[in-house]
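Written below as structure tokens is the structure these notes are about.
Quick note: numbers below take in every heavy atom, side chains included, and nothing from hydrogens, waters or symmetry partners.
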Amino acid sequence: MTKTKEEKLQVLVQLAALFNEHEIQWAVGGSLLLYFKGLVSDFHDLDLMIDEQAGEQVAQLLEPLGTRRPFIPSPAFQTRCFMEFLIDGVEIDVIGGLAIVSEGHVDELPLRSEEIEEGFSLEGQRIPLHSLRVWETYYTLMGRTEKAEILRRAQKKAKF
């Protein structure tokens with residue numbers, strides 16, 4: 001059963017509380033970032049970027065909350081820390097030390113604090129947002145041209 005936006009955001013608030021309480025460096029990325037910035041009207045899952053050094057701690061925090069799905073490697077990525085969870089029926093992708101393989105080259109793209117450009121409060125929890133400029137690069141490297149183009153158009157309008 002597909003979860004509503006509100007149900008997905010409730011899971012985000014729950015995870016934000018955990019990450020914030022444990023002082024984990026994290027940021028929202030992917031289509032959820034685009035949703036929060038008003039660039040798309042919906043999102044499928046929660047893409048959460050983390051400091052890869054916190055990977056084991058994050059796994060320990062999330063495993064009691066839901067089901068950790070098996071890791072299926074992709075030749076398009078050499079990410080050092082990737083976990084997929086199903087929590088209250090919501091898909092969560094936790095990504096630390098992102099590494100994208102593009103044209104035979106590996107681009108290593110760890111979360112950097114200076115790339116967390118802003119955030120906001122949702123039900124009393126701080127929700128940090130990753131950089132749109134950085135995600136335009138990610139989507140370009142991934143070959144996700146539609147989303148990269150959405151960000152290029154937004155960049156021209158807003159000059160981010």
(request) Please assess V94 against F82 for the test side chain to side chain contact (heavy atoms under 4.5 Å, CB included), listing each intermediate value before the final yes or no. (result) CA-CA 6 Å; V94 179; F82 180 83; over 6 Å; no
Checking [X] side chain against [Y] main chain: does a donor-acceptor pair fall under 3.5 Å?
X	Y	result
D88	V90	no
E63	Q60	no
T79	A99	yes
D47	L32	no

(message) Would K5 and F43 count as a cation-pi pair here, with the cationic atom under 6.0 angstrom from the ring centre and within 45° of the axis?
(response)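 No, K5 does not lie over the aromatic ring of F43.
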Would you name the heavy atoms of [X] and [Y] that are closest together and state the gap between them?
X	Y	result
P110	E52	CB-OE2, 4.2 Å
E91	D45	O-CB, 3.2 Å
L151	W135	CD1-C, 3.7 Å
W26	P128	O-CG, 2.9 Å
L111	M49	CD2-O, 3.7 Å
A54	I50	C-CD1, 4.3 Å

Hey, could you give me the [atom1]/[atom2] distance between [X] and [Y], rounded to the nearest 0.5 Å?
X	Y	atom1	atom2	result
T137	M142	OG1	CE	10.0 Å
Q57	I24	CD	CD1	4.0 Å
H44	S31	NE2	OG	8.5 Å
R69	D93	CZ	CG	9.0 Å
I95	C81	CD1	SG	9.5 Å

Salt-bridged, [X] to [Y], with N to O below 4.0 Å?
X	Y	value
E108	R80	yes
R68	E84	no
E149	R152	yes

(request) Would you sort out whether I127 and L12 count as a side chain to side chain contact (heavy atoms under 4.5 Å, CB included), showing the intermediate values? (result) CA-CA 9 Å; I127 308 294; L12 176 64; 4.1 Å; yes
(request) May I ask you to check whether over 12 heavy atoms, not counting those of E114, lie within 6.0 Å of atom CD? (result)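 Yes, the 6.0 Å shell around CD holds more than 12 heavy atoms from other groups.
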Beyond-backbone contact of [X] with [Y], side-chain heavy atoms, under 4.5 angstrom:
X	Y	answer
L141	L109	yes
V58	F19	yes
F36	E118	no
I116	Q25	yes
L62	M83	no

Would you kindly confirm whether [X] and [Y] end up in one hydrophobic cluster when ILVMFWY residues are joined by side chain heavy atoms under 4.5 Å apart?
X	Y	result
L15	L61	yes
V106	I100	no
I72	L98	no

(message) Checking T145 against Y139 for the side chain to side chain contact (heavy atoms under 4.5 Å, CB included) test, could you report, in this order, the C-alpha distance in whole Å, the side-chain angles of both residues, the deciding distance, and whether it holds?
(response) CA-CA 7 Å; T145 55; Y139 281 134; over 6 Å; no
(request) Kindly determine whether V134 and Y138 satisfy side chain to side chain contact (heavy atoms under 4.5 Å, CB included), including the steps that lead there. (result) CA-CA 6 Å; V134 167; Y138 290 0; 3.2 Å; yes
(message) Among E115, R112, E117, which residue satisfies the side chain to side chain donor-acceptor pair (under 3.5 Å) criterion with H130?
(response)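 Exactly one pass, corresponding to E115.
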(request) Among V11, I92, L86, L18, find the residue that satisfies the side chain to side chain contact (heavy atoms under 4.5 Å, CB included) test when tested with L65. (result)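 The passing option is L18.
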(message) Set out, in order, the CA-CA distance, both residues' side-chain angles and the distance that settles side chain to side chain donor-acceptor pair (under 3.5 Å) for S121 and Q125, then state yes or no.
(response) CA-CA 5 Å; S121 180; Q125 291 302 320; over 6 Å; no
